[in-house]
Amino acid sequence: PTSIWDASSTHPILANPLSLATNWIIYRNDRPHNAFGQQIEIFKLQHLLMISYHTINVDFPAISRSETTAWVKAVAASHGKRVGEIAYIFCDDEKIIEVNRQYLQHDYFTDIITFDYCEGDRLSGDLFISLDTVRSNAELFNKPYEEELHRVIIHGILHLCGINDKGPGEREIMEAAEDQALAMRK
């Protein structure tokens, strides 16, 4: 039996057929192979578990990928979790509302939408962040844009760690976790 797994993304919005040669893993008889038919050792699969950064309709924000990745991994570890495949997708309000309508049937803007694909203690997910809404919220809350952006970046990770913010008292727990995570950045 043969099955195919796209290592570039677990979400159809990011699937890129042009990346077939480097990002697709084909399973033959439960053994992983690359697109060239070469068997891949299990330790090489660990390389695919990472944090990736993408943009849709916006310029890449002024953040350091390496520093952000190290920070996200440290926050995950502080919650007893490991980072699997995390995709950050920075976008505009037009894209975030499209995703919100299509996948969640919500008809409103938001700063982040987190798609959770976690398994056990391994965090995996696609995190859509509207830079337009982040900027609006920074102005609304009189916070520097960079601080608000990092708050939203880690907000999605905290959701993947199991922290919610919709029920009674949960918002305060989330805000405390965000503040603790932001302090780890400094």
Side-chain angles (χ1 to χ4, degrees), residues 3-20 23-24 48-63 65 68-69 71-72 75-76 79 81 83-119 122-175 177-178 181-182:
S3 62
I4 298 176
W5 176 65
D6 175 5
S8 67
S9 174
T10 53
H11 198 276
I13 289 176
L14 293 180
N16 179 2
L18 299 176
S19 64
L20 179 66
N23 290 329
W24 288 77
L48 297 172
L49 303 175
M50 59 180 219
I51 300 174
S52 60
Y53 301 86
H54 313 270
T55 61
I56 299 176
N57 302 333
V58 296
D59 292 331
F60 193 82
I63 62 169
R65 287 177 174 98
T68 302
T69 295
W71 174 53
V72 166
V75 171
H79 289 272
K81 306 290 184 180
V83 169
E85 186 179 0
I86 304 287
Y88 280 102
I89 303 96
F90 299 103
C91 62
D92 59 4
D93 275 348
E94 183 179 321
K95 184 55 147 180
I96 203 94
I97 200 163
E98 175 188 324
V99 171
N100 216 3
R101 287 173 179 155
Q102 182 174 355
Y103 294 98
L104 302 176
Q105 290 72 52
H106 296 161
D107 193 24
Y108 54 82
F109 296 106
T110 186
D111 50 4
I112 186 166
I113 297 173
T114 303
F115 292 96
D116 184 341
Y117 313 122
C118 297
E119 293 183 13
R122 180 159 292 169
L123 303 183
S124 295
D126 292 336
L127 290 73
F128 285 79
I129 296 176
S130 170
L131 297 181
D132 295 336
T133 301
V134 168
R135 186 166 306 285
S136 297
N137 287 346
E139 292 170 6
L140 179 67
F141 300 123
N142 198 27
K143 297 284 185 183
Y145 171 76
E146 180 184 342
E147 179 183 328
E148 186 64 18
L149 177 58
H150 283 91
R151 180 175 296 279
V152 174
I153 286 170
I154 212 61
H155 182 92
I157 295 298
L158 294 171
H159 273 308
L160 295 179
C161 288
I163 300 173
N164 296 313
D165 59 357
K166 301 293 186 211
E170 290 179 338
R171 182 73 214 152
E172 292 79 12
I173 294 168
M174 175 62 85
E175 288 175 359
E178 289 171 351
L182 287 169

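Side-chain atoms are counted along with the backbone in the values below, which use heavy atoms only and exclude waters and symmetry mates. Residue numbers start at 1 and run along the sequence shown.
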Say you draw a straight line from [atom1] of [X] to [atom2] of [Y]; how long is it, rounded to the nearest 0.5 Å?
| X | Y | atom1 | atom2 | answer |
| --- | --- | --- | --- | --- |
| His54 | Leu127 | NE2 | CG | 11.0 Å |
| Leu182 | His150 | CG | NE2 | 8.5 Å |
| Phe109 | Asn137 | CZ | CG | 12.5 Å |
| Asp59 | Leu131 | CG | CG | 9.5 Å |
| Asp126 | Ile89 | CG | CD1 | 4.5 Å |
| Met50 | Glu85 | CE | CD | 7.0 Å |

For [Y], does its backbone N or O pair with a side-chain atom of [X] as donor and acceptor, under 3.5 Å?
| X | Y | result |
| --- | --- | --- |
| Asp132 | Asp93 | yes |
| Tyr145 | Ala138 | no |
| Asn100 | Tyr108 | yes |
| Asn164 | Lys166 | no |

Hey, are the side chains of [X] and [Y] touching, using non-hydrogen atoms and a 4.5 Å cut-off?
| X | Y | result |
| --- | --- | --- |
| Glu139 | Glu148 | no |
| Ile154 | Trp71 | yes |
| Ile157 | Tyr88 | yes |
| Leu123 | Cys161 | yes |
| His79 | Leu158 | yes |

Q: Using distance alone, with no hydrogens and no angle criterion, decide if His155 and Asp111 have a side-chain donor and acceptor under 3.5 Å apart.
A: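 Per modelled atom types, His155 and Asp111 side chains form no pair under 3.5 Å.
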Q: Report the C-alpha distance between Thr110 and Thr133 in whole Å, list the side-chain angles of each, state the deciding distance to 0.1 Å, and finish with yes or no for side chain to side chain contact (heavy atoms under 4.5 Å, CB included).
A: CA-CA 6 Å; Thr110 186; Thr133 301; 5.9 Å; no
Q: Scan Glu172, Arg171, Glu175 and name whichever one has a side-chain contact (heavy atoms from CB on, under 4.5 Å) with Asp165.
A: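 One option only clears the test, and that one is Arg171.
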Q: Establish, for the pair Arg65 and Phe60, whether the NZ or CZ atom is under 6.0 angstrom from the six-membered ring centre and no further than 45 degrees off its axis.
A: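 Checked: cation-pi criterion met.
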Grab the two heavy atoms, one from [X] and one from [Y], that are nearest each other, plus how far apart they are.
| X | Y | answer |
| --- | --- | --- |
| Leu160 | Ser124 | CD2-O, 3.9 Å |
| Ile96 | Phe128 | CD1-O, 3.5 Å |
| Lys95 | Asp92 | N-OD1, 2.9 Å |

Q: Indicate the ring-plane relationship of Tyr103 and Phe115, choosing parallel, tilted or perpendicular according to the 30° and 60° boundaries.
A: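 Perpendicular, since the angle between the ring planes exceeds 60°.
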Q.
Would you say that more than 12 heavy atoms from the other residues, nucleotides or ligands in this model lie under 6.0 Å from the CD of Glu119, or not?
A.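 For Glu119, atom CD is not crowded (no more than 12 foreign heavy atoms under 6.0 Å).
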Q: Begin from the C-alpha positions of Thr68 and Ile51 and carry the test side chain to side chain contact (heavy atoms under 4.5 Å, CB included) through to its verdict.
A: CA-CA 9 Å; Thr68 302; Ile51 300 174; over 6 Å; no
**Q.** Full working for side chain to side chain contact (heavy atoms under 4.5 Å, CB included) between Ile97 and Asp107
**A.** CA-CA 7 Å; Ile97 200 163; Asp107 193 24; 4.0 Å; yes
Q. Would Arg151 and Glu178 pass as an ion pair if we require N to O under 4.0 Å?
A.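 Here Arg151 pairs with Glu178 in a salt bridge, since their nearest N and O are under 4.0 Å apart.
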